[in-house]
Every structure is written in structure tokens, then in C-alpha cells.
Asks: 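Dropping the structure in here first, questions after.
In this text the structure is predicted, and so the values were computed from the model without any measurement. Numbers for residues simply follow the sequence, beginning at 1.
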Amino acid sequence: MDISILFKLAAIGIIITVVCQVLKKSDRDDVATVVSIVGLVIALTVAVTMIGDLFQTVKEIFGVY
């Protein structure tokens, strides 16, 4: 696992937080909610991909196919 993936997830979180705060200040709470959900889906996609790679590596190590 590379540390750059953690930085990417942190950057996604920071960007989504800033965008949501700006939208909430401009009374666009509905759009802010959608942006939050999209950010969560993006972060979960990255995490699930990493977990899939982990399982693939474990399968290769133990010779389970």
C-alpha cells in the first residue's frame, strides 16, 4: 500500500467539505447533500478497490485460486 492513496482520500475529503460548506452558506443544502453523497461514493470506490487488491494478493500468497 502506498501512502499516496491516503493523501488522495484526504484530499477528496477536504475538497468535498469545502464545497459543501460553500453550498450550505449559499442556502443550497439539497445540492450540498448530493455532493456529500457523491464524495462518499468516490471514497468508497477507492477503498473497495484497495480491499479487492488486498484479497487478490492474499489469494496469490496462499495459492488459492
Side-chain angles (χ1 to χ4, degrees):
M1 183 172 114
D2 194 17
I3 190 121
S4 66
I5 295 172
L6 296 176
F7 287 135
K8 288 178 186 177
L9 286 173
I12 290 170
I14 291 170
I15 291 169
I16 295 299
T17 302
V18 169
V19 170
C20 286
Q21 290 299 319
V22 169
L23 288 170
K24 285 183 181 181
K25 293 290 181 183
S26 64
D27 292 330
R28 301 292 303 211
D29 291 332
D30 51 341
V31 179
T33 302
V34 172
V35 169
S36 296
I37 292 171
V38 169
L40 179 65
V41 168
I42 291 171
L44 286 176
T45 303
V46 171
V48 167
T49 304
M50 289 173 43
I51 292 170
D53 292 342
L54 173 67
F55 284 147
Q56 186 64 32
T57 303
V58 169
K59 283 170 51 176
E60 288 175 3
I61 288 173
F62 291 111
V64 179
Y65 293 105

Asks: Can you find a heavy atom in the side chain of V46 that is under 4.5 Å from one in the side chain of K8?
Replies: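 Sidechains of K8 and V46: no contact.
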Asks: To the closest 0.5 Å, what do you measure between CG (L44) and CD1 (I37)?
Replies: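 Going from the CG atom of L44 to the CD1 atom of I37 covers 12.0 Å.
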Asks: With rounding to the nearest 0.5 angstrom, report the CD1 to CG distance, I5 to D53.
Replies: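 So the CD1 of I5 and the CG of D53 are separated by 8.0 Å.
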Asks: What distance separates T33 OG1 from R28 CZ, expressed to the nearest 0.5 Å?
Replies: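 One finds 11.5 Å between OG1 of T33 and CZ of R28.
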Asks: Can you name the nearest heavy-atom pair linking A32 to C20, along with the distance?
Replies: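 Shortest heavy-atom contact: O-SG, 3.4 Å.
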Asks: Of all the heavy-atom pairs spanning V35 and L23, show the shortest one and how long it is.
Replies: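 Heavy atoms only, the tightest pair is CG2-CD1, 3.9 Å.
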Asks: Would you mind telling me which of I14, I12, V19 makes a side chain to side chain contact (heavy atoms under 4.5 Å, CB included) with I16?
Replies: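 Among I14, I12, V19, the one meeting side chain to side chain contact (heavy atoms under 4.5 Å, CB included) with I16 is I12.
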Asks: To the closest 0.5 Å, what do you measure between OG1 (T17) and CD1 (I15)?
Replies: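 The distance works out to 10.0 Å.
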Asks: Rounded to the nearest 0.5 Å, what's the gap from CG on L9 to CZ on F7? Could you check?
Replies: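 Spacing of CG (L9) from CZ (F7) equals 11.5 Å.
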